[in-house]
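Reading through the C-alpha cells given below for one structure.
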Amino acid sequence: MKKQDLPGREIIMTKEQIIKTVKDQDVKFIRLQFTDIFGAMKNVSITPTQLERALNNKMMFDGSSIDGFARIEESDMCLHPDLDSFLIHPWDQEKGKVARLICDVYTPDDKPFEGDPRYILRKAIRHAEEMGYKFQVGPECEFYLMITDEKKRPLLTQYDEGGYFDLGPNDVGEDVRKYIVLALEKLGFEIEASHHECGPAQHEIDFKYAEALKAADSIMTFKYAVKTISEKHDMYATFMPKPFYGKAGNGMHLNMSLIKDGRNAFVDENDAVGLSKEAYSFMAGIMKHIEGITIFTNPIINSYKRLVPDFEAPLYIAWSARNRSPLFRVPTCAGQSTRIELRNPDPSANPYLALALCLEAGLEGIRNNLTPPAPVDKNIFEMSKRELSRSGIKMLPLNMYEAIRKAEKDTFIRKVLGDHVYGRYISAKNAEWSEYSQRISDWEIKKYLLKY
C-alpha cells in the first residue's frame, strides 16, 4: 500500500503551513508520536531545526527498542508524520511551546510497517471503504482521580464518596475535570458531556464521535491530556480497569455506526428498535468473534476483575435495547444518531487494534449476512444457569488465560492483525499470564498462611 493511497488520511495542513506555524508560534519542541502494539504512546522529540527533515519522512528511529516492533537485525524504522494531526499543546507554554505530530511507521524501503497498529486500522478502514462504508466511533472513557504524595505518587485513598452525576462538595474533583475539559477543547475535542461516575473519585468525559482513525488518535490524546492536566493539579489519573476492590471499574464503551452514501447505514425506522439489517449483521459479526477479540479489548490481568457481576460491566455475549447488562446495548436514539454500543472494552486497550478487529468482524458479519440471536431484555445477572444455557448465551472469557486461548483458536484474529503483531502480542500475553500465575499475592498470604 503506497503512502498516498492510505485510507483515513485527510490532509488539512501542508508542510509549509506547519513550518510557518511552528515559527510564528515560537514552538520549541515537536513530538513525533506513535503507538506500540500494547497501546503505549511513544515519541521522538525534535527541535524546529529538524522539522523539515521530519516532514519529508527522513526521521529514523531504532524499532528494536520498542516492545513488539522489530528484531535487532531489522531495527531501522522511519516516522511519517500525519500532517492532519499537528497541534500545539495548550499547557506548559511558559516553558516553551510543544507541538505534536502523530506518525505512521514505515520501513527504510518506504513501505508501511506491518507491526504499526495504526497501519492495521488503516487496512480495516480500506476494507470498509471498498464496501462503501465509513466507520464512526464515539468512545466513553472512564478514569479515577487520586490524590498524590509529596513525590507525586498516587495514594490508594479515595478523596470523595460521590456517585453518579454528583457535584461539589461531594465531587471535589470537579475543578480538575473542568480544567481537563478546557484543555481538551483547546486540542480540538468537541466535548459532549463530563460528569462524576458511580465510583468514588471516578469520572467520565465523553467526546464527539469521529471516523475510526481519528477516534483512535483521539483516545490516545485524551488519555495523555487527562494524565498531564491531573498531574499539574497534584492529582493522578488512572485508566486502570479495576483499581479498587468492590468499586466500579473503568470502561471504554465504544459507540459504533457505519456511514454509506452520507447517511447512517444502521438506521431502519420500520424496525422495532430502529436498526437496519446491516446493523444487525455488523453486531452479529462482532459477537461471533468477541471471545477472541477480548484479549485486545481487555488486554491486561486487571481487565478481568472489572468483568464481574453488579458493576454494569458485561459478562455475557448478548444484546438488548432495554438494559445495560449485555455485551451490546442499543441506545435510545433515532435517525442519524442510531448506533450500537459495545460495553466490554476498557481504556487499557490499544484503540487501533481494538477498532480494527471490531470493524473487520462487523464487515464479515455484513458480507456473510449474519443474524444475531434474539435480544435479552431482562437482567442477565438474575438469570439462572439453566436459563442461560437454554437461551444459548455464552460468557466472555473469565480471565486473561481464557482470553488468550480463545484468540489462539480464532484464525480470524491472526488474519486481521497479521503474523507479526499477532505473534508478538500473544507471546507477550502468555508471558504476562505466566508471571502473574507464579506471583504470591497479599490476599493469599492473609487467607492461607496461618490456616495451613
_Side-chain (Asn350) to main-chain (Ile37) donor-acceptor, under 3.5 angstrom_ = yes
*Take the angle between the ring planes of Phe189 and Phe222 and call it parallel below 30°, perpendicular above 60°, tilted in between.*
tilted
*Side-chain touch Cys141/Ile205, heavy atoms, less than 4.5 angstrom*: no
*Before giving the answer on side chain to side chain donor-acceptor pair (under 3.5 Å), spell out for Glu402 and Tyr304 the whole-Å C-alpha distance, their side-chain angles and the decisive distance to 0.1 Å.*
CA-CA 10 Å; Glu402 285 191 13; Tyr304 300 87; over 6 Å; no
*Can you check whether Leu357 reaches Ile120 side chain to side chain, under 4.5 Å on heavy atoms?*
no
_I'd like to know if the side chain of Arg306 and the backbone of Met240 have a donor-acceptor N/O pair within less than 3.5 Å._
no
*Which distance, rounded to the nearest 0.5 Å, do you find between the CZ of Phe266 and the CG of Leu275?*
8.0 Å
_So Ile18 and Thr21, do their side chains get closer than 4.5 Å, heavy atoms only?_
no
*asked:* Taking atom CG as the centre, does Asp149 end up with more than 12 heavy-atom neighbours from other residues, nucleotides or ligands that are less than 6.0 angstrom away?
replied: yes
*Please work out whether the ring planes of Tyr106 and His80 are parallel, tilted or perpendicular, with thresholds of 30° and 60°.*
parallel
*Can you check whether Pro347 reaches Glu142 side chain to side chain, under 4.5 Å on heavy atoms?*
no
*Locate the shortest heavy-atom distance separating Glu291 from Pro397; write the atom from each residue and the value.*
O-CG, 3.8 Å
_For Gln17, I'd like to know if atom CD has over 12 heavy atoms of other residues, nucleotides or ligands within 6.0 Å._
yes
_side-chain contact (heavy atoms from CB on, under 4.5 Å) for Ile295 and Lys406? Distances and angles first, verdict last._
CA-CA 8 Å; Ile295 191 60; Lys406 294 295 185 181; over 6 Å; no
*Between Gly39 and Met220, what is the shortest heavy-atom contact and its length?*
O-CE, 3.3 Å
*Measure across Ser257 and Asn264 and return the closest heavy-atom pair with its distance rounded to 0.1 Å.*
CB-OD1, 3.9 Å
*Rounded to the nearest 0.5 Å, how far apart are CZ of Arg424 and CG of Asp36?*
12.5 Å
*Do Thr238 and Pro154 come within less than 4.5 Å of each other through their side chains, counting heavy atoms only?*
no
*Would you please classify the geometry between the Phe135 ring and the Phe282 ring as parallel, tilted or perpendicular, with 30° and 60° separating the classes?*
tilted
*asked:* Would Val105 and Arg118 count as a side-chain contact (heavy atoms from CB on, under 4.5 Å) here? Give the steps.
replied: CA-CA 8 Å; Val105 182; Arg118 208 164 184 256; over 6 Å; no
*Could you tell me whether the side chain of Asn56 and the main chain of Lys58 form a donor-acceptor pair under 3.5 Å?*
no
*Shortest non-hydrogen contact from Ala201 toward His196*: N-NE2, 3.4 Å
*Spell out, as yes or no, whether a donor-acceptor pair under 3.5 Å connects the side chain of Ser276 to the backbone of Ala265.*
yes
*Exam field: side chain Arg339 to backbone Ser337, donor-acceptor pair closer than 3.5 Å*: yes
*Taking C-beta and beyond as the side chain, do Val226 and His203 meet within less than 4.5 Å on heavy atoms?*
no
*Looking at CG of Asp104 and CZ of Arg122, how far apart are the two atoms once the value is rounded to the nearest 0.5 Å?*
4.0 Å
_Could you check whether atom NZ of Lys429 has more than 12 heavy atoms from other residues, nucleotides or ligands sitting under 6.0 Å from it?_
yes
*Mind running salt bridge (Lys or Arg N to Asp or Glu O under 4.0 Å) on Lys227 and Glu231 for me, showing each step along the way?*
CA-CA 6 Å; Lys227 284 183 170 290; Glu231 183 190 27; over 6 Å; no
*So do the side chains of Phe34 and Leu79 get within less than 4.5 Å of each other, counting heavy atoms only?*
yes
_Test ring-ring contact (aromatic ring centres under 6.0 Å, His included) applied to His420 and Tyr119, Tyr425, Phe113, the passing residue_ = Phe113
*asked:* Please check this pair: side chain of Gln202 against backbone of Gly249, looking for a donor-acceptor N/O pair closer than 3.5 Å.
replied: yes
*asked:* For Arg329 and Asn255: C-alpha separation, side-chain torsions, deciding distance, then whether side chain to side chain donor-acceptor pair (under 3.5 Å) applies.
replied: CA-CA 9 Å; Arg329 182 175 78 98; Asn255 293 274; 5.5 Å; no
*Between Asp346 and Asn250, is a side-chain contact (heavy atoms from CB on, under 4.5 Å) present by the stated rule, with each step listed?*
CA-CA 6 Å; Asp346 69 56; Asn250 288 324; 5.9 Å; no
*How about Lys409: does its NZ atom have over 12 heavy atoms from other parts shown lying under 6.0 Å from it?*
no
*Answer yes or no: are there more than 12 heavy-atom neighbours, outside Tyr209 itself, under 6.0 Å from its atom OH?*
no
*Between atom NZ of Lys178 and atom NE2 of His233, what is the distance when rounded to the nearest 0.5 Å?*
10.5 Å
*Okay, side chain of Asn298, backbone of Asn344: is any donor-acceptor separation there less than 3.5 Å?*
yes
*Sub-3.5 Å donor-acceptor pair from the side chain of His289 to the main-chain atoms of Gly285, do we have one?*
no
*From Leu396 CG over to Thr294 OG1, what is the distance, rounded to the nearest 0.5 angstrom?*
5.0 Å
*Cationic N near anionic O, under 4.0 Å, Lys415 to Glu360*: no
*Might you work through the side-chain contact (heavy atoms from CB on, under 4.5 Å) test for Ile340 and Leu342, ending with a clear yes or no?*
CA-CA 7 Å; Ile340 58 176; Leu342 181 63; over 6 Å; no
*How close do Thr35 and Asp116 get, heavy atom to heavy atom, and via which atoms?*
O-OD1, 4.4 Å
*Polar side chain donor-acceptor pair, Glu278 to Tyr133, under 3.5 angstrom*: yes
_Strictly distance-based, threshold 3.5 Å: is any side-chain N or O of Lys242 a donor or acceptor partner for the main-chain N or O of Lys247?_
yes
_For Arg367, I'd like to know if atom CZ has over 12 heavy atoms of other residues, nucleotides or ligands within 6.0 Å._
yes
*Please examine the side chains of Phe86 and Ile88, heavy atoms only from C-beta on, and report whether any two atoms are closer than 4.5 Å.*
yes
*Where does the angle between the aromatic ring planes of Trp91 and His89 fall among parallel (under 30°), tilted (30 to 60°) and perpendicular (over 60°)?*
parallel
_Arg177 and Asp175 ion-paired at < 4.0 Å_ = no
_Testing the basics here: between Val416 and Ala356, what is the closest heavy-atom pair and its distance to 0.1 Å?_
CG1-O, 4.3 Å
_Using 0.5 Å steps for rounding, measure from the CE atom of Met287 to the CD1 atom of Ile317._
7.0 Å
_Are there over 12 heavy-atom neighbours, none belonging to Phe244, within less than 6.0 Å of that residue's CZ?_
yes
*Report, as yes or no, whether the 6.0 Å neighbourhood of atom OH on Tyr422 holds more than 12 heavy atoms from other residues, nucleotides or ligands.*
yes
*Are Arg405 and Tyr401 in a cation-pi setup, meaning NZ or CZ lies under 6.0 angstrom from the ring centre and within 45 degrees of the ring axis?*
yes
